[in-house]
S.K.: 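Below you will find the structure I want to go over with you.
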Amino acid sequence: MNFDSWVLVLILLSSLVPAVVIFLLPEESRRWRTAINLGGAGMKLVLVGVVVWGVYHEHTYSVSLALLPGLALLLRVDALSMLFATLSALLWFLTTVYAVGYLEGSPRRRRFFGFFSLCVTATIGIALSGNLVTFLIFYELLTLSTYPLVVHRGTEKSLRAGGVYLAYTLGGGLTLTLAIAWLQALAGPVNFTTGGALHHIADAHAPALRWVFALMILGLGVKAALVPLHGWLPQAMVAPAPVSALLHAVAVVKAGAFGIVRVVYDVYGVKLASQIGAMPWLAAAAAVTILYGSLRALSQDDLKKRLAFSTVSQVSYIVLGVAIFGPVASVGGTVHLVHQGFMKITLFFCAGSFAETLGVHRVSELDGVGRRMPWTMAAFTIGALGMIGVPPLAGFITKWYLGTGAWEAGQPWVIAVLAASSLLNAAYFLPVIHAGWFKPPAGPWPTQHVPAGARGETHWMLLGPSLVTAALVVVIGLLANAPFTPLEWARLLVAREYE
Amino acid sequence: MTDAADTPFMVGVIALPLAGAVAAFVWPRRAPAVGLCVAGLVWIPVLGMLIQLVSHGVQHHELGGWAAPLGIALRADGLSVLLVLMVALVGGTVSGYAAGYFGEVRRSTSPSFSSSPPGGDGEGSEDGGRAHARACFWPLWLFLWAALNALLLSRDLFNLYVTLELLGLSAVALVALADAPVALGAAMRYLLVSLLGSLAFLLGVALVYAAYGTLDLPLLKAALGGPVAPVAPVALGLMTAGLLMKTALFPLHFWLPPAHANAPAPVSALLSALVVKASFYVLLRLWFEAFAGAATGAAMDFLGVLGAAAVLWGSYQALCQSRLKLLVAYSTVAQLGYLFLLFPLSGAAAGGFTAWAGGLYFVLAHACAKAVMFLSAGSLMRAAGHDRLAGLGETVRAMPVTAFAFALAAVSIIGLPPSGGFIAKWLLLNAALGDAQWWWVGVMAAGTGMAAAYALRVLRLPFVGTASLPPVRRVPRSMEWTTLGLALATLGLGFTAAPLLEWLRVGAPVGGPGLVGGQP
Amino acid sequence: MTAPALYALAGIALFGLGLHALIARAHLVAKILALNVMGAGVFMFLIAVAARGEIPDPVPHALVLTGIVVAVSATALALALALRVRAAGGRAELPEQESPDA
């Protein structure tokens with residue numbers, strides 16, 4: 001074991017150790033808890049930075065532990081892992097800051113932050129997994145560690161939502177487990193390999209491989225909220241805002257989408273996946289999800305629910321990009337993994353700030369909120385415009401690559417889906433923006449509760465992260481061609497996949 | 001090295017608890033100390049056996065130098081050693097827990113107990129009952145421990161009968177330590193079932209002796225290698241029926257839930273984790289060793305079907321229970337069903353050692369996880385004064401260590417990674433898939449889903465409610481932390497499978513490659 | 001039919017008789033007696049097995065002796081437990097099986 005192996009373990013430990021320490025700390029020691037949280041998050045960022053640098057220079061990192069013959073825990077990084085790991089590490093840091101501000105003075109913070117750190121450990125573990133079994137282990141850990149966060153409020157409603165959440169995600173996990181075990185019976189242990197790892201059995205077991213693929217997509221599709229497996233997501237909105245932010249932008253939904261990308265690229269490989277005829281089905285599922293999510297979002301008055309259905313729709317852009325057989329669209333899909341994260345987390349941060357500061361939960365109550373909280377509303381606007389796909393924001397880059405990629409791949413129908421989706425995005429986001437900036441406030445806010453320590457429009461720990469992520473949405477859109485941007489990175493990994 | 005190789009550690013793991021039992025009986029005041037000493041010291045012969053196994057393979061010992069058939073011969077192969085190790089781990093933890101459970105300070109001296117919810121019995125009688133239980137628990141438990149180890153090391157059918165009987169009697173007496181009428185009824189029913197099972201077993205043993213003139217397992221195996229006498233299947237059937245009764249395989253499980261749910265918490269843990277596994281162990285010895293020649297595929301499949309029915313019925317019953325300990329007890333009924341999937345899967349050529357390893361890893365994982373569940377249920381019951389799920393939420397919230405331990409155990413029972421339960425199910429799943437026995441895959445999937453559902457009925461409790469916490473009766477810290485320790489071991493089993501299964505392979509009756517997967 | 005075979009069959013008949021009583025009789029003492037009858041049946045069978053050859057086989061004797069010791073202690077425990085069941089419930093019978101939700 002040298003540093004190259006240890007650094008991956010350290011990345012995991014930088015949130016696992018804080019989780020354990022936080023559980024052991026008494027509820028009252030608020031300062032220590034915050035310090036440990038932010039310390040761990042900062043350390044993780046640094047370590048991920050180091051590894052990103054290494055991967056960029058074609059350095060390899062890996063570490064493994066045999067659980068059984070043919071069943072090994074394997075951590076190994078490639079360009080795709082680092083895309084997801086960087087996203088998680090960065091957004092974890094910001095969400096922690098936000099959560100500390102958001103939960104100021106509320107009970108049971110020890111439990112919250114303990115499971116919060118566990119959840120991030122699982123997410124990073126998913127990013128660093130080098131084979132299917134390791135992926136599965138962290139995937140299930142993610143399910144378990146997010147349940148306490150979803151039911152955190154302890155109300156009857158949140159417990160019901162938690163039950164639904166577990167039913168869906170454990171069902172998905174079970175399906176995935178069966179698929180992985182079946183694949184192992186066919187092919188032996190499967191490590192993620194650029195270009196696919198199953199060529200040696202492709203001819204002998206084509207029908208079985210088709211079934212395994214379907215089962216895997218079913219299992220992963222639950223977390224990725226592919227229609228009709230999305231039922232848990234809008235209900236999980238009862239969770240506190242930082243949890244929703246993390247669930248939607250980084251952890252759960254992304255884990256599902258990331259898994260689908262892994263299965264298509266690094267287990268089957270694009271060639272085999274299209275050879276067994278899986279790609280059109282996947283693309284169709286993604287297209288249906290994109291349109292269905294947007295349509296449902298239109299009619300939601302609850303702001304967080306509207307954002308939730310928007311997530312259902314947006315995450316499938318990733319799946320769509322992967323399912324179109326062609327390098328340009330693939331760049332669009334993988335880069336959206338990051339872009340959607342930044343945009344959606346901005347929106348959730350802002351929605352949480354509105355709720356926490358003014359007690360505003362519904363779209364119909366948002367009139368004039370921009371006058372009271374201009375900075376937050378500005379961040380929200382940037383996130384929303386990005387989602388619609390207005391240039392030069394991040395969302396535009398995604399849609400551009402998806403559109404041109406689809407054209408190149410000879411699938412122009414995708415462009416119609418994109419156009420329809422963009423129109424729907426505009427239809428459910430623009431009224432919010434309009435109401436926030438241009439309508440006069442209808443009356444006093446539901447609750448004028450400015451959190452303790454607030455000087456400006458709201459607590460700086462709520463405002464700061466929203467502004468940072470909003471700024472990032474602009475930067476990664478404007479400077480998309482600069483080195484080390486998500487787009488550059490996505491091109492790098494797609495080039496390796498399509499070699 | 002010859003000295004270490006010849007040291008009869010096997011005798012040690014039986015004699016030490018036996019001596020402890022006598023000492024605890026003679027000095028009741030010192031009983032907890034004696035018990036804890038045994039729990040610590042027993043690791044010396046246990047690890048000694050392990051080292052002998054690893055370095056010298058299967059070990060034999062003839063007690064007092066008397067050879068079979070009249071003498072008592074002991075044998076330690078990988079299977080035996082692994083289970084002795086399991087007994088030492090779970091038994092040691094339960095001992096630590098029991099020291100707190102039975103040895104609590106008098107309640108009148110502690111003001112915090114004055115707000116305790118009213119129970120059915122007066123304070124004084126409960127205290128007196130506990131003193132009595134403490135005096136009886138330690139000798140009985142240590143005796144049970146000795147019987148268990150003796151059973152695991154026996155290589156002769158009649159010794160198996162005697163140890164099974166010793167085990168059953170001490171287990172029944174332990175259940176009867178709970179004074180409630182319902183517990184006494186459960187103990188009586190358990191005793192009758194256990195004796196009936198033993199007698200069926202004994203009749204089978206007599207038939208075997210009549211037909212083959214030997215009771216030694218390896219000799220029987222050799223004798224059955226040739227033409228099988230018509231009496232052999234009858235004998236095997238009788239013995240199996242008796243053992244299934246003791247193992248509480250569906251539909252012979254009726255006695256288990258009341259007995260396990262109404263016993264004192266440490267006893268419930270011991271019964272569910274260890275005692276039912278003993279008769280399962282004997283079944284393995286019969287079906288895969290002595291009677292390997294007489295056991296047909298159809299019979300193996302039949303056991304598998306019963307196991308599948310147990311998984312589904314037990315899980316369904318666990319979903320319906322309103323008391324925590326009954327829920328956990330029905331979960332045992334379900335989990336025992338998985339063990340019997342070993343029979344059809346291990347019989348198949350492709351499954352082989354993978355299924356064998358999966359079934360036995362299931363035994364280990366379930367022992368640890370189920371002990372944790374019963375121990376944490378006991379802590380909660382002690383704190384709340386009852387174990388009705390509906391009214392347990394506040395108590396669970398006030399005891400995060402116990403809640404966390406229960407959650408870890410549930411992870412293993414459901415079969416989620418990383419845990420011993422996951423490894424076990426993974427192995428069984430691979431065996432079933434490798435041999436294309438789809439039906440068992442479906443059973444496992446359904447059982448997993450149902451296990452998640454009934455575990456969630458408990459796991460949601462810590463999150464119920466928003467009000468601040470009322471004071472709860474405290475339980476000794478040692479109870480909570482020993483439980484958590486075993487829960488962490490359950491999790492640890494998810495990482496230690498490779499060496500454990502290598503040990504299991506020593507002298508295993510089922511061969512074949514370990515798990516790698518992939519078509520040849 | 002040889003004498004040992006007769007004894008062996010009688011032993012098995014005793015076993016069956018005891019089994020019937022164990023299930024059919026409600027009173028605990030009857031059940032305990034039934035188990036003893038079953039045990040005696042098995043012992044008789046074993047003795048019959050020992051008497052098959054010219055020289056009596058010592059092994060079944062050892063088994064029966066041990067078996068008797070076990071049976072006596074089991075009976076003692078069962079009787080003690082039956083007394084407590086009667087003291088607690090008023091009747092020396094098994095209580096109705098607890099309904100799952102009781």
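For clarity, every value in this text was computed on a predicted model and none was experimentally measured. Per chain, numbering begins at 1; letters A, B, ... match sequence-line order.
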S.K.: Between L166(A) and chain B, which part of the residue has a heavy atom less than 4.5 Å away: side chain, backbone, both or neither?
M.R.: side chain
S.K.: If the plane angle is over 60° it's perpendicular, under 30° parallel, otherwise tilted; pick one for F422(B) and W426(B).
M.R.: tilted
S.K.: So for V411(B), is it side chain, backbone, both, or neither that comes closer than 4.5 Å to the heavy atoms of chain A?
M.R.: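 For V411(B), the side chain is the part near chain A, not the backbone.
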S.K.: Distance check, rounded to the nearest 0.5 Å: R262(A) atom CZ versus F192(A) atom CZ?
M.R.: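 Answer for the CZ-CZ pair, R262(A) versus F192(A), is 5.5 Å.
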S.K.: Is there a donor-acceptor contact under 3.5 Å linking the side chains of S129(A) and Y139(A)?
M.R.: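 No - no donor-acceptor pair under 3.5 Å links their side chains.
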S.K.: Could you tell me which non-hydrogen atom of S331(B) sits nearest to which non-hydrogen atom of I413(B), and how far apart they are?
M.R.: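 Closest approach of S331(B) to I413(B), heavy atoms only: OG-CG2, 4.1 Å.
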S.K.: Can you tell me which of P462(B), P400(B), P417(B) forms the most heavy-atom pairs within a distance under 4.5 Å of chain A?
M.R.: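 Option with the top pair count is P417(B).
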S.K.: So for L144(A), is it side chain, backbone, both, or neither that comes closer than 4.5 Å to the heavy atoms of chain B?
M.R.: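 When you check distances to chain B, only side chain atoms of L144(A) fall under 4.5 Å.
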S.K.: Heavy-atom pairs under 4.5 Å with chain B: which of T175(A), T177(A), L141(A) has the most?
M.R.: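 Of T175(A), T177(A), L141(A), T177(A) has the most heavy-atom pairs under 4.5 Å with chain B.
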S.K.: Do the side-chain N and O atoms of T121(A) and S15(A) include a donor-acceptor pair separated by under 3.5 angstrom?
M.R.: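 Judged by distance alone, the side chains do pair up.
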S.K.: Is it the backbone or the side chain of I137(A) that comes under 4.5 Å from a heavy atom of chain B, or both, or neither?
M.R.: both
S.K.: Answer yes or no: are there more than 12 heavy-atom neighbours, outside F115(A) itself, under 6.0 Å from its atom CZ?
M.R.: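 Enclosed.
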S.K.: Which of parallel (below 30°), tilted (30 to 60°) and perpendicular (above 60°) describes Y338(B) and F362(B)?
M.R.: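 Ring orientation, 0 to 90° scale: parallel.
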S.K.: Check whether L65(A) gets within reach of chain B through its side chain, its backbone, both or neither, counting any heavy atom under 4.5 Å.
M.R.: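 The side chain, not the backbone.
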S.K.: Heavy-atom distance under 4.5 Å to chain B: side chain of V133(A), backbone, both or neither?
M.R.: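 Only the side chain of V133(A) comes within 4.5 Å of chain B.
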S.K.: Of the listed residues (T496(B), L433(B), I423(B), T448(B)), which shares the most heavy-atom pairs with chain A below a 4.5 Å separation?
M.R.: L433(B)
S.K.: Does this structure show an ion pair linking E104(A) with R30(A), if we count only N-O contacts that are shorter than 4.0 Å?
M.R.: yes
S.K.: Would you mind telling me which of G162(A), P148(A), A66(A) has the largest number of heavy-atom pairs within less than 4.5 Å of chain B?
M.R.: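 The option with the most such pairs is P148(A).
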S.K.: Taking side chain as everything from C-beta outward and backbone as N, CA, C, O, which of these in F23(A) sits under 4.5 Å from a heavy atom of chain B? Side chain, backbone, both or neither.
M.R.: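 It is neither, since no heavy atom gets under 4.5 Å.
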